[in-house]
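Notes for the one structure printed next.
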Amino acid sequence: MEGKIFEYLEKYDYENLFFFNDNQTGLKGVICVHDTTLGPATGGCRMWTYANEWDAIEDALRLGRGMTYKYAAAGIDLGGGKAVIIGDPKTQKSEALFRSFGRFINRLNGLYITGLDVGTTLRDMETMRLETPYVVTLPREFGGAGQISHYTALSVFQSMKACAKEKFGVDNLNGLRVAVQGIGSVGYNVVKYLVQEKAMITIADIDQDRVKEVSEEFGTNIETPDRIHALDVDIYSPCALGKVINDQSIEELKCQVVAGSANNQLAENKHGDYLEELGILYAPDYIANAGGTIFDTDRLKPGGFNEERGVQAVERVYETMTELIKISKDERIPTYRAADLLAERRIDSIGKAKQLRKEINISM
Ligand code: NAD
């Protein structure tokens with residue numbers, strides 16, 4: 001996209017792109033506002049050392065657009081946006097820098113709401129919160145949802161159940177064989193849900209101590225990280241890295257369902273098409289892993305954060321998944337495309353309803 005910003009903005013229908021510079025703190029930041037049809041543009045703040053400025057701009061734009069789809073498909077009334085701070089999160093962070101960025105965000109007056117992402121921490125969110133109310137991903141004592149990985153795991157689990165209903169005609173995962181790749185914050189909690197359902201679990205992680213610990217705690221089987229995807233199981237759950245469904249791995253899959261939390265599981269869209277051809281049901285990553293975000297953004301609803309309402313909203317990922325499986329079957333398209341369609345239709349219909357409301361107000 002180098003040198004062709006407006007062409008890119010036009011192609012994907014972006015609303016705004018903001019640049020922030022502060023010589024005093026060394027802050028160089030970009031905020032993308034993709035689409036605010038459903039609500040304020042919301043998405044995490046990433047801090048990263050980019051090879052060049054174009055890479056940073058492109059990252060903000062690509063991620064911001066992804067957030068629009070994520071919220072829309074999940075039934076959340078928020079738009080998509082993303083912030084990027086150009087800098088090394090290990091060496092270039094300071095209180096002054098995050099406060100400065102918080103002030104910049106505040107100037108947008110609620111058009112963009114920020115949160116946690118790669119390279120930023122809860123502490124950074126707390127710092128920004130001193131300058132602006134437009135921050136999510138906060139500890140409970142700051143009115144936020146606290147740790148959210150547990151809720152991401154819940155949406156992965158609900159996605160697995162919806163897929164199992166479709167594939168195996170069952171209402172629970174009792175006795176199903178599930179391979180979990182990566183047992184970090186999300187994967188560990190996915191294992192916990194699977195244990196409750198009496199699934200037959202195999203885990204893998206590059207951290208061998210962690211594997212031993214979790215296996216001892218839950219009595220799970222263990223596989224090596226390079227073979228976990230190829231196990232003869234019912235469900236393969238990628239909860240570590242992206243691009244795990246690629247030219248090589250896809251030939252080795254023996255599962256019937258792929259449902260996990262990792263972002264960007266498909267190396268390319270063609271792998272989503274291929275999964276469909278193979279008869280493997282894929283729970284689109286941004287649907288399956290939306291739980292944390294759904295729970296986290298509950299605080300933006302009237303009356304502030306409500307735990308019970310947040311959990312119920314996360315559990316509804318089961319229905320979203322069921323709906324997109326139906327779209328996929330009715331329209332004979334792969335599930336990853338059905339998820340996009342679900343999001344686009346919601347934005348479109350709500351956009352039209354808003355327009356109608358505006359017209360009625362004007363005519364009155
Ligand atoms: P985490 O860092 O806590 O855990 C990741 C785990 O994967 C670690 O234990 C790591 O050792 C392991 N791992 C790394 N490479 C591996 C490999 N090649 N094979 C097997 N294991 C490997 O991260 P997390 O918060 O649990 O997130 C997991 C994935 O879900 C990430 O892709 C993340 O972007 C995505 N995600 C997380 C959340 C959330 O709420 N935390 C929300 C949305 C998406």
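Only heavy atoms go into these numbers, but all of them, side chains included; no hydrogens, no water, no symmetry mates. Order of listing sets the numbers, starting from 1, for every ligand and every atom in it.
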Exercise for the section: Would you indicate which of Pro225, Ser155, Gly260, Ala240 comes nearest to atom 22 (C) of ligand 1 when only heavy atoms are counted? Expected result: Ala240
Exercise for the section: For atom 12 (C) of ligand 1, state which one of Asp205, Asn189, Ile203, Thr137 supplies the nearest heavy atom. Expected result: Asp205
Problem - Sub-4.0 Å protein heavy atom next to atom 30 (O) of ligand 1 - result: yes
Practice task
Output yes when a protein non-hydrogen atom is found under 4.0 Å of atom 9 (O) of ligand 1, and no otherwise.
Solution key: yes
Test of proximity, [X] against ligand 1: N or O pairs below 3.5 Å:
X	value
Ser185	yes
Val186	yes
Asn289	no
Asn263	yes

Handout entry: Ligand-side contact atoms (ligand 1) for residue partner Gly182, heavy atom cut-off under 4.0 Å
Key = 7 (O), 21 (N)
Exercise for the section: Considering the heavy atoms of Leu241, write down every atom of ligand 1 situated less than 4.0 Å from one of them. Expected result: 15 (N), 18 (N)
Tell me whether [X] is salt-bridged to [Y], with the criterion being a basic N under 4.0 Å from an acidic carboxylate O.
X	Y	result
Glu223	Arg177	no
Arg337	Glu344	yes
Asp205	Lys212	no
Asp117	Lys82	yes

Exercise for the section: Look at the rings of Tyr14 and Tyr8 and say which category their plane angle falls in: under 30° parallel, 30 to 60° tilted, over 60° perpendicular. Expected result: parallel
Practice task
Answer side chain, backbone, both or neither: which part of Thr293 comes under 4.0 Å from ligand 1, heavy atoms only.
Solution key: neither
Practice task
Looking only at non-hydrogen atoms, find the nearest pair between Phe104 and Asn21 and report the distance.
Solution key: CZ-O, 3.6 Å
To check your reading of the model: name the closest protein heavy atom to [atom], its residue, and the distance in Å.
atom	result
atom 28 (C) of ligand 1	Cys239 O, 3.2 Å
atom 17 (C) of ligand 1	Ile206 CG2, 3.7 Å
atom 4 (O) of ligand 1	Gly184 CA, 3.2 Å
atom 40 (O) of ligand 1	Thr152 OG1, 2.6 Å
atom 36 (N) of ligand 1	Ser261 O, 3.7 Å

Exercise for the section: Supply the atom-to-atom distance Ser249 OG to Ile228 CD1, rounded to the nearest 0.5 angstrom. Expected result: 13.0 Å
Fill in the blank from the handout: Interatomic distance, SG@Cys255 vs CG@Leu278, rounded to 0.5 Å, equals 9.5 Å
Exercise for the section: Go through the side-chain N and O atoms of Asn106 and Tyr134 and say whether any donor and acceptor fall under 3.5 Å apart. Expected result: no
Practice task
State, without any angle test, whether Asp296 and Thr137 hold a side-chain donor-acceptor pair at a distance under 3.5 Å.
Solution key: yes
Problem - contact_flag Ala262 ligand 1 heavy-atom lt 4.0 Å - result: yes
Problem - Ring centers of Tyr282, Tyr274 separated by less than 6.0 Å - result: no
